[in-house]
Amino acid sequence: MKILVVGQGGREHALVWKLAQSPLVEKIYCTPGNPGISQLAESMPMPDRFTDLADWAAAQDIGLTVVGPEVPLAEGIVDVFSERGLKAFGPDKRAARLEASKDFAKRLMLENDIPTAEHQTFTDAEEAMAYVEDQNAPVFVKANGLAAGKGVIPGRTFKEAVQAVTTILIDKAFGDAGDSVVIEEELIGEEASFTVLTDGTYCLPFVSSQDHKMSQDGDTGKNTGGMGAYSPAPVITPELHDDVMQRIVYPTVNGMADIGRPFKGVLYVGLMITDDGPKVIEFNCRFGDPEAQVLFPRLKSDLVPLLIACIDGTLEQHADVQWHDEAAACVVMASGGYPDPYQTGIVITGLEDADAIEGVTVFHAGTKQDGETVVTDGGRVLGVTAVTGKLHDAIQLAYKGVSAIHFDNAHARNDIGHRALGRK
Ligand code: AMP
Ligand code: GLY
């Protein structure tokens, strides 16, 4: 079978890496791809219109298209492919709303008694300010729409919260994504990422994982797309796992079906494990990044039949999915300055040395081929992933990989996995 992957980040490199191991796969194409992906797949530019890509996929006899990022999903890429009778993995436009509108997700949770933070949604800045004044800081102020992971601003003080409302509703820092704001109470606890595949009815949980969103050690600095991840996440005990499936995952998937928006694809639940139990921070309609970079290396079963079963509605037949017992850790190497503006085009060395370390795989994110060399081309540049033994060993091995790689101003956190290690 020929497969097309849409996207260009570390998540898509990890997807392509896993798909390439399937005996069912004859060839993989990726659009737009990156230099790491190009070692395993044929990268090609992303056409302007989904219809052009679907025409190309039909002509090439692509058997499965896997969409990595949220933006094309929210814009309806799966709808366009399905209309042509092509199999595309991921929710359609109506279902992707679960990530594309935080207000929509909040309503769904309220209607289905799914535990989450108290909130209010506003389009009017004055009303939002009045609400902030009414609430005690800290609160979280969120652009309603998609903002590349940057639309959540913590309001630790009243002043910060007012500034956040101004940034989103008045200054329009996130454009249309900030036409409305969701203001939430702060949830206290430890975060975890809960990933399930679903065919709209049956839900197949992945092993647990956790990422580190803040840019600096000790979870300080600024919010980023994710500076590293590990799996398993010990905070998710077997009891908690069952609780999340029963009180969050199934009510979400059933709730979407009830309102005529059946959700097929990946449901990523960002959780806060509070003293009152697990609560939803956010839903994503795609694999987490960097979480995907620790999940796929732990997946022993073939990924291709699982993704097809989500599309065909036969996922229950795959309930016996197999996982490797080894732990996985991913350390992101970012451009100095990220998530603020940073320089690109910096030469990266040591990639092959890191890859040569047994148990280490380097996933590319923001990289670009420049003649014979690979240069930096984004905020998150590489995800250095290690799979071995226990978590402690995997983390150490990932850092060994990091130390083999060099580019000027590279920034990596030094404490990936600190919460999990602190538990022992
Ligand atoms: P999100 O993009 O919604 O995942 O938010 C980014 C990060 O902000 C989350 O990973 C949390 O660390 C934090 N966050 C968002 N909402 C809340 C909340 N209600 N309480 C505590 N932390 C939150
Ligand atoms: N790492 C969090 C996300 O993918 O949204």
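Counting convention: from 1, in listed order, for ligands and their atoms alike. Just so it is clear, the structure is predicted and the values come from calculations on it, not from any experiment.
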For Gly226 and ligand 2, answer yes if some heavy atom of the residue is under 4.0 Å from a ligand atom, otherwise no. no
Hey, which atoms in ligand 1 end up nearer than 4.0 Å to a heavy atom of Lys102? 3 (O)
Consider every N or O of Asn223 and every N or O of ligand 1, then say whether any pair is closer than 3.5 Å. no
Atom 3 (C) of ligand 2: closest protein heavy atom, distance to 0.1 Å, is Arg286 NH1, 3.4 Å
Centroid separation Phe140 to His119 less than 6.0 Å: no
Under-4.0 Å heavy-atom contact with ligand 2, by part of Phe287 that carries it: neither
Among the heavy atoms of Lys213, does any lie under 4.0 Å from an atom of ligand 2? yes
If the cut-off is 4.0 Å to any non-hydrogen atom of Lys213, which atoms of ligand 1 fall inside it? 4 (O), 10 (O)
Where Ser231 and Arg298 come nearest, the two heavy atoms and their spacing: OG-NH1, 2.8 Å
Could you tell me whether some N/O pair between Gly288 and ligand 2 is separated by less than 3.5 angstrom? no
Where's the contact between Arg11 and ligand 2, heavy-atom distance under 4.0 Å: side chain, backbone, both or neither? neither
Distance filter under 4.0 Å to Met272 heavy atoms, resulting ligand 1 atoms: 21 (C), 22 (N)
Closest to atom 5 (O) of ligand 1 among protein heavy atoms sits Val152 CG2, 3.5 Å
Below a 4.0 angstrom heavy-atom separation, can you tell me which part of Leu187, side chain or backbone, both or neither, approaches ligand 1? both
In ligand 1, which numbered atoms sit nearer than 4.0 Å to a non-hydrogen atom of Lys142? 3 (O), 15 (C), 16 (N)
Atom 1 (N) of ligand 2: which protein heavy atom is closest, and how many Å away? Asp211 OD2, 2.7 Å
Checking a contact table here: which protein heavy atom is nearest atom 14 (N) of ligand 1, and how many Å away? Phe140 CE2, 3.5 Å
